[in-house]
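Since the structure comes first, as structure tokens, the remarks are kept for the end.
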Amino acid sequence: DLPCELHSWRQTADYSPEMRQFACILHLYHIKAYDYLRKIFPLPHPYSLTKQVFINSECVSSWLSNNEAAAGFSNNIFLRLQEKVERGEQAYCCCALMVQDMSLQKQQEWDPQTQRLTGFVDLGAGVLDADEAPLASEAIILMAVGISSPWTAPLGYFFVNSTTGHLLAQLLRQTINKLNNIGITVLAVTSGATACGAETARALGIRTDPERIQCTFQHPPGSAHSITYFFDICHALQLIRNALQCFQKIEWLSDTVRWQHVVELAALQEQRVLEPCSPKPGRPRSEESYHLKVNLATLLFSEGVADALEHLQKLGLASFQNCSGTVKFVRLISCLCDVFHGRGPYRRGLKGPLLARNYTKISYLFNEAKSFFVTLTDSMGRYIIKSKRKLGFLSFLLNAESLKWLYANYVCPEGTTSHHLLTYAFSLDPLELFLKALQQACGSSGSPTCTVFQAAYHKLLASCSLAPGSPHSSGLGNMSSLDISLSRRRDLTLGSIRAQYNPARGRTPATAYPYCAGLLLRGSALSNALTDLSLHAQSITCTAGFIAEQLASDLQCEACLASLFESDESRLRCGSVLYIKKLGGVSLPSASVYHITSILEQVLNRYGKVGDSSKTTKLWYLSLEQKAFQELLGESSLFPTLTSHLFDGELCVNNHYTVLVKAITRLYLNIRTNHAKHLNLKYPCGKHRLKRLKGKHLFPSPLGSCQSSQTHAGS
């Protein structure tokens, strides 16, 4: 299909589709071969492959781009970005660039619209349609992310049959060219901390040797403009977890980091403990009963795990003695994670954006981490940083150097005003959020075909907004960058470790407890408020505790899970260890959960006659939810422990606070209406009366249509 005459290659405007495909594929797959062949054939300059030709403000020519949602760069997205830059919107003048691949199902299909076969490799210059052409097995997706404002822009995708580091490096350089052409400066590139990601970094000129780290590469090659390189933090954490698990024991100077400490914490069974309480005037000294329970939503490398290990060591538990080395290691990794997950300008300390006022503390932390990592050894005295489990540690060291470079050259360069950086932009979280939306739009949990992928991408692109903080219209509800970060790190929680070592005792949904008419424990916040424990008050408390346990069985957020049970504010937090009081086998809920359920009971008493089957419709449920939310408006005292947690994600109405209130509301209404219907209970006018039927529990099992998955998506 290719002409051999030299004159046929001189005018690029006259190139056939096959000639364009040949030039693009050769350039992307092997730049040296392309440069060599240019000495024989007058192939176009590499810059021409992505240069756009405009006629009347409309792009009519760009070899690797398409106006529709076909493979290649999305012309529409680049035009919209260019408009924002030309309007002087400073937030769009600089960005971070990230790349990730998504597996595809190899399948050849007939497209009736184009009258062509699909499913082949496509790099934006047209589908390779031939009997011997390879079928696509992966889609490479590129995204630009704002570094001072949380905007995201999916730039395009490419169908390939194998992903290599050299191919990704070439695609990244072409993307940087296109962004530079419209006035956007790329300051950083992020890839996964994988074999392909490491190969991409080397192809761009990045070095990860701890003694001579090179964290930037020049683009164009040989120019003065440098771009930093980051490895995804979530991938790096998984690699460090793998290293600790494989070595079991890591030595650091005089301390020892032991994997077994974490395993013992995750496997810790719920146990009853007695603690002395403060004596009251005229009363003898007494003891209070608590149930010690592990918060399985806690991340392995978190302050919660470090605090819990210290607390259990102080309690004298034999499994947690001599755990100071493990505590130091977990706490150091936790602090590093805080630095690289800054999402908003309102956080403080290490979790805030990179600013001049917190750089000194961050720089000290980076120096401490480097001195720590380079001295880690296994039980045989071999350095971890030189072992086959080194990539996770090297990723943190490279990211630290890149962030320091950005501070010196972008945040506070000499003679310029100070900027700030949202460090979450250097992780793959924004791109993973888009990929999750893309997967849902594909309509299946498996790998999509090229045709299904293109249709889903077109759907998302049509509703894509470049405004800061706008979610992708995907059916994902209001999942935020915080939610996707927690979801991606779900296999790094104590619950995942427990399930790995004890599959039968992993995080299973809470079982239905029988109704108990026992008295509330003395000294609790709820017992002070409910001095007259009627059957009605006990039933609400029991149901509220049952709801807390149901929600806790599927929550991924440590702070939200703890807020369901914290009924004693005088007790100090002990990290991932919770001290919970119980009422007849059911965990005593927090005051906020109880208050919400009390309001819901009043709403049911006032507006609901659940014995009437005609009112158990979806519209009726929605009307009850609306009535409950109206009653709860202005309840500023709800979940006081979540006040600072609200700043972990984007500042919006649908944060973890409101999601938690909605989850409790829907679950309570579901349980109360369904079980009242089964037991033929009615709410008469006047005083609310509940009767316990002979031989039946008030809250029988199963829970019918109650589903924990609908309650707190991504939290």
Heavy-atom closest contact ([X] atom, [Y] atom, distance):
| X | Y | answer |
| --- | --- | --- |
| S302 | V330 | O-CG1, 3.4 Å |
| A266 | L296 | O-CD2, 4.0 Å |
| V145 | A425 | CG1-CB, 3.8 Å |
| I484 | D429 | CG2-O, 3.7 Å |
| L239 | A193 | CD1-O, 3.4 Å |

Say whether [X] and [Y], considering side chains only, have a donor N or O and an acceptor N or O under 3.5 Å apart.
| X | Y | result |
| --- | --- | --- |
| E138 | T163 | yes |
| N322 | H261 | no |
| Q100 | E432 | yes |
| W252 | T375 | yes |
| Q170 | Q174 | no |
| Q218 | S226 | yes |
| T200 | Y229 | no |

Cationic tip of K293 above F565 ring, under 6.0 Å, 45° of axis: yes
[X] side chain near [Y] side chain, heavy-atom distance below 4.5 Å:
| X | Y | result |
| --- | --- | --- |
| I182 | V85 | no |
| H235 | R488 | yes |
| M98 | D232 | no |

Has [X] got a side-chain atom pairing as donor or acceptor with [Y]'s backbone, closer than 3.5 angstrom?
| X | Y | result |
| --- | --- | --- |
| R207 | I213 | no |
| S149 | G146 | no |
| T326 | R258 | yes |
| Q214 | T216 | yes |
| E558 | T298 | no |
| S363 | Y359 | no |
| T228 | S402 | no |
| R490 | A297 | no |
| E401 | L397 | no |
| H341 | C337 | yes |

Aromatic ring proximity F73/F158, centre distance under 6.0 Å: yes
Sub-6.0 Å ring centroid separation between Y364 and F366: no
Audit row: W151, C95, side-chain contact (heavy atoms from CB on, under 4.5 Å) steps and yes/no: CA-CA 9 Å; W151 60 267; C95 76; 3.8 Å; yes
Spacing of [atom1] belonging to [X] relative to [atom2] belonging to [Y], to within rounding of 0.5 Å:
| X | Y | atom1 | atom2 | value |
| --- | --- | --- | --- | --- |
| L172 | I140 | CG | CD1 | 9.0 Å |
| S485 | L428 | OG | CG | 11.5 Å |
| S395 | I240 | OG | CD1 | 7.5 Å |
| I250 | F373 | CD1 | CZ | 10.0 Å |
| S319 | L268 | OG | CG | 8.5 Å |
| I227 | R173 | CD1 | CZ | 8.0 Å |

Residue pair I141, D101: steps toward the side-chain contact (heavy atoms from CB on, under 4.5 Å) verdict: CA-CA 6 Å; I141 301 98; D101 60 84; over 6 Å; no
Test log, rule salt bridge (Lys or Arg N to Asp or Glu O under 4.0 Å), inputs E310 and R331: CA-CA 11 Å; E310 286 183 327; R331 188 161 280 147; 3.3 Å; yes
Mutual orientation of the aromatic rings belonging to F426 and F230 [parallel < 30°, tilted 30-60°, perpendicular > 60°]: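 It falls in the parallel class, under 30°.
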Criterion side-chain contact (heavy atoms from CB on, under 4.5 Å) against V339, the qualifying member of I233, N399, I362: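 Single side-chain contact (heavy atoms from CB on, under 4.5 Å) partner of V339 among I233, N399, I362: I362.
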side-chain contact (heavy atoms from CB on, under 4.5 Å) evaluation trace for L171 with V99: CA-CA 9 Å; L171 284 175; V99 61; over 6 Å; no
Verdict with reasoning, K249 to D378, per salt bridge (Lys or Arg N to Asp or Glu O under 4.0 Å): CA-CA 7 Å; K249 185 173 67 173; D378 61 12; over 6 Å; no
Neighbour count above 12 (heavy atom, 6.0 Å) for Y501 OH: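 It does: Y501 OH has more than 12 such atoms within range.
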Check against side-chain contact (heavy atoms from CB on, under 4.5 Å), F159 and L104: CA-CA 9 Å; F159 288 149; L104 299 173; 3.5 Å; yes
